[in-house]
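As a basis for the values below, the full set of heavy atoms in this structure was taken, side chains included, without hydrogen atoms, waters or symmetry mates.
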Amino acid sequence: MTRMKIMNQRKSPSPRPGSHRYPVRLHHHRFTTKACLLILLFSSTCQPNAASLSSTSTCGTTIFSNHLISGGLVNLGNTCYLNAQLECAYHIPLLRNTILRPNSSSTNNHTDTDSTTVADTTNNNNNNKEESISLTSLRHTFQQMKFASQQGNNDPQLIRSISPSTLCKNLGINVYEQQDSQEFWKLLLPEIDLEELTNLYKGRYDTYIAALDNTGREKVRQEVFLDLALDVTNFDHVRASLDDMFTSGVILLKKEDNGWRPEKGAEKVDAIKGNNWKVGDGDEADSDGGSLPKILQLHLMRFSYDWQTGVMSKIKSRFEFGKVLNLKGICSRDEDDGGDGAATVTNEDGLVYDLQSAVVHAGEYGSGHYYAYVRPNVRTNKWFRYDDDRVTPVSFAEVKDDAFGGHVVHRLSKKERRNPQQGLERQNRNKLGLWKRICGSVGGRRNEFGWGGRTSSAYMLQYVRRSDIPFLYD
């Protein structure tokens, strides 16, 4: 299997921050007796109604929709990287239900799992193969989170936080050792070994190298990805980085001893090397086999290795992203499917993605803290900051201030642009004096940075495909 381009960042001699792969051979601990007794007690006294997603009364509480809200996860030492990723995953209903449903890998239909209990999952393995301990453990954690959401009537102020201790124990994770959040999730997916889950993240693009001597010699290879790694060093926006990744090529010149040898023993020729993200008839809204994933994860490569100094450091420059990401112009039409090269899909929403969550890293290389901003329902603009077991409602403006990195940019409103005097007064108010620069500004804002301070910035963005929202959320 070819190595994915998104892993190229690992070519540096030094590891990434907290980069530690938990053991591939996981410790197969079973749930403790105490935990099993508690689970059985919950499932026997509070059995949800499987037929209802829109108005279900459970344990004296009422759940009005499938859009559950988590009460947060307890940090067991240095498990913030795990907590942030689990919050992003839990708040996509289909993904959550796929984990909660027994025998998930043997079915591909979209059904509710309100009747699923943790006691059931320990005895209902796939008929074809035994479920992985990773899947069983994650199901246990999600079931606890779901029960807490229902018990707290979906009110984040009333929902209790959940400890991921069983998950960490069964995966053999040292809870006092920091890890890389993006790498953790990418390594966990194959350990879960659930094709239906992995397919939600899976996409495809082509890498190519073509001779520039008009001979038509070309080599194309298809790459399968679970996320895309974006350059934040040379670009300041997601769109610009994606444009460069898929619409720009690198010229290889033989006079610079960097040409391409088309065949073994052949002379090197000038060539162009690049990536092409093709979409075709397989990328319609209801297809599982296309190039566009239903859940698009973007890894912002904030950590860079300096070959001159031999030092890894964090890139803290501003890198912007939008609530909506349109891939038109980035993707090209697959000509084998009868297209003419234009990036079009029959459903106009097929190339449009909506931001669902962002994992933020605050700190420097090799240390720091992870937390997440999540929108439980992408059809609304209601955001929450999940800082382990502290859940706070926030606006998208606060998300941008914190997750973009760098200084907060104060833009004038339309009214202030029409009235130059008002705009000047606003700019003067935003200027910080020496004392404020030393002590920090009032109201919790730190020297004109976002909530996490001068070192906070998004490390992972998770978008959902707009045409798949009914499939993922209803």
key: Criterion side-chain contact (heavy atoms from CB on, under 4.5 Å) on Asp193 and Leu135, from CA distance to verdict   = CA-CA 8 Å; Asp193 192 22; Leu135 173 57; over 6 Å; no
note = Correct closest heavy-atom pair for Cys168 and Leu82 would be SG-CD1, 4.0 Å
ask   = Would you call Leu73 and Glu87 a side-chain contact if the rule is heavy atoms closer than 4.5 Å?
value = yes
Ring geometry between His91 and Tyr386 (parallel below 30°, tilted from 30 to 60°, perpendicular above 60°) = tilted
Inter-residue atom distance Ser467.OG - Lys294.NZ, 0.5 Å rounding = 8.5 Å
message = Are Gln297 and Phe225 packed together at the side-chain level, in the sense that at least one heavy-atom pair is separated by less than 4.5 angstrom?
response = no
request  = For residues Arg139 and Glu131, determine if any side-chain heavy atom of one lies less than 4.5 Å from a side-chain heavy atom of the other.
outcome  = yes
task = Locate the shortest heavy-atom distance separating Leu355 from Val378; write the atom from each residue and the value.
result = O-CG1, 4.2 Å
query = According to the interplanar angle, ranging from 0 to 90°, do the rings of Tyr201 and Trp185 count as parallel (below 30°), tilted (30 to 60°) or perpendicular (above 60°)?
reply = perpendicular
task = May I have all residue pairs that pass salt bridge (charged side-chain N to carboxylate O under 4.0 Å, His left out) and include part of residues 366-380, sequence neighbours excluded?
result = Arg379-Asp474
message = Under a 3.5 Å distance rule, please check whether Glu398 uses its side chain to pair with a backbone N or O of Ser395 as donor and acceptor.
response = yes
inquiry  = Tell me if the centroids of the rings in Phe321 and His237 come within less than 6.0 Å of each other.
reply    = no
inquiry  = Are Glu223 and Arg221 packed together at the side-chain level, in the sense that at least one heavy-atom pair is separated by less than 4.5 angstrom?
reply    = yes
query = Just by modelled atom types, is the Arg390 backbone N or O under 3.5 Å from a matching donor or acceptor in the Asp387 side chain?
reply = no
ask   = About how many Å separate CG of Asp227 and CG of Leu461, when rounded to the nearest 0.5 Å?
value = 11.0 Å
query = What pairs with Ser163 under side-chain hydrogen bond (donor to acceptor under 3.5 Å, both in side chains), at least two apart in sequence or on another chain?
reply = Ser165
task = Using side-chain hydrogen bond (donor to acceptor under 3.5 Å, both in side chains) as the criterion, list what pairs up with Ser241, not counting sequence neighbours.
result = none
message = Tell me whether Ser456 contacts the main-chain N or O of Gly453 through its side chain, where contact means a donor paired with an acceptor under 3.5 Å.
response = yes
request  = Would you check if the side chain of Lys314 reaches a backbone N or O of Thr455 as a donor-acceptor pair within less than 3.5 Å?
outcome  = yes
request  = Determine, stepwise, if the pair Leu228 / Leu296 fulfils side-chain contact (heavy atoms from CB on, under 4.5 Å).
outcome  = CA-CA 8 Å; Leu228 295 174; Leu296 175 62; 4.2 Å; yes
note = The reported gap from CG in Asn170 to CD1 in Ile133 (rounded to nearest 0.5 angstrom) is 4.5 Å
query = In chain order, what residues pass the side-chain contact (heavy atoms from CB on, under 4.5 Å) check against Thr233, with sequence neighbours excluded?
reply = Asp231, Ile315
request  = Drop me the distance from Asn276's CG to Ile330's CD1, to the nearest 0.5 angstrom.
outcome  = 12.5 Å
task = Calculate, to the nearest 0.5 Å, the distance between atoms CG and CZ belonging to Leu242 and Phe235 respectively.
result = 10.0 Å
query = Is a donor on one side and an acceptor on the other found under 3.5 Å between the side chain of Arg302 and the backbone of Ser317?
reply = yes
ask   = Is any side-chain heavy atom of Leu167 closer than 4.5 Å to a side-chain heavy atom of Ser137?
value = yes
key: Nearest heavy atoms of Arg465 and Leu292, plus distance in Å   = NH2-CD1, 3.6 Å
request  = Take Tyr353 and Asp468, measure what side-chain contact (heavy atoms from CB on, under 4.5 Å) needs, and give me the verdict at the end.
outcome  = CA-CA 9 Å; Tyr353 284 80; Asp468 288 314; over 6 Å; no
remark   = Residues passing the side-chain contact (heavy atoms from CB on, under 4.5 Å) test with Ala210, sequence neighbours excluded, are Glu218, Ile272
Straight-line distance of Phe142 CZ to Asn97 CG, nearest 0.5 Å = 10.5 Å
query = Counting only N and O atoms by type, is there a donor-acceptor contact under 3.5 Å from the side chain of Asn275 to the main-chain atoms of Met245?
reply = yes
request  = Only counting residues at least two apart or in another chain, list the ones meeting side-chain hydrogen bond (donor to acceptor under 3.5 Å, both in side chains) with Asn75.
outcome  = Thr79, Asp388
request  = Find out whether Val359 and Gln182 are in side-chain contact, i.e. whether some heavy atom of one side chain is under 4.5 Å from a heavy atom of the other.
outcome  = no
query = How far apart are the C-alpha atoms of Glu364 and Lys316, what are their side-chain angles, what is the distance that settles it, and do they pass the salt bridge (charged side-chain N to carboxylate O under 4.0 Å, His left out) test?
reply = CA-CA 9 Å; Glu364 300 293 343; Lys316 297 186 283 288; 3.3 Å; yes
query = So which heavy atom on Pro93 is nearest to which on His67, and how close?
reply = CG-ND1, 4.1 Å
message = Under 6.0 Å between ring centres: does that hold for Phe303 and Tyr459?
response = yes
query = Taking all non-hydrogen atoms of both residues, which atom of Pro156 and which atom of Phe384 are closest, and how far apart?
reply = CG-CE2, 3.7 Å
inquiry  = Aromatic contact between Tyr371 and Trp451, with the criterion being ring centroids under 6.0 Å apart: yes or no?
reply    = yes
inquiry  = Please tell me whether Asp306 and Ser313 have a donor and an acceptor in their side chains that are separated by less than 3.5 angstrom.
reply    = no
inquiry  = Under a 3.5 Å distance rule, please check whether Gln356 uses its side chain to pair with a backbone N or O of Cys88 as donor and acceptor.
reply    = yes
inquiry  = Test your reading of the model: is there a side-chain donor-acceptor pair from Ser291 to the backbone of Val279, 3.5 Å cut-off?
reply    = no
key: ring-ring contact (aromatic ring centres under 6.0 Å, His included) partners for Phe319, two or more places apart   = none
ask   = If you measure from the Lys or Arg side-chain nitrogens to the Asp or Glu carboxylate oxygens, is any gap between Arg466 and Asp354 under 4.0 Å?
value = yes
ask   = Phe246: what forms a ring-ring contact (aromatic ring centres under 6.0 Å, His included) with it, not counting sequence neighbours?
value = Tyr205, Trp277
key: Closest non-hydrogen atom pair between Ala362 and Gly452, with its separation   = CB-O, 4.1 Å
ask   = So do Asn66 and Arg96 actually touch side chain to side chain, heavy atoms under 4.5 Å?
value = yes
message = Can you list everything that forms a side-chain hydrogen bond (donor to acceptor under 3.5 Å, both in side chains) with Asn258? Sequence neighbours excluded, please.
response = none
ask   = Can you list the residues that meet the ring-ring contact (aromatic ring centres under 6.0 Å, His included) rule with Tyr81, with sequence neighbours excluded?
value = Phe184
Backbone of Glu191 reached by a side-chain donor or acceptor of Ser132 within 3.5 Å = yes
ask   = Do the side chains of Pro164 and Gln144 get nearer than 4.5 Å, heavy atoms only?
value = no
note = Across all chains, not counting sequence neighbours, the ring-ring contact (aromatic ring centres under 6.0 Å, His included) partners of Tyr208 are none
key: For Asp155, side-chain contact (heavy atoms from CB on, under 4.5 Å) partners two or more places apart   = Gln157, Leu158
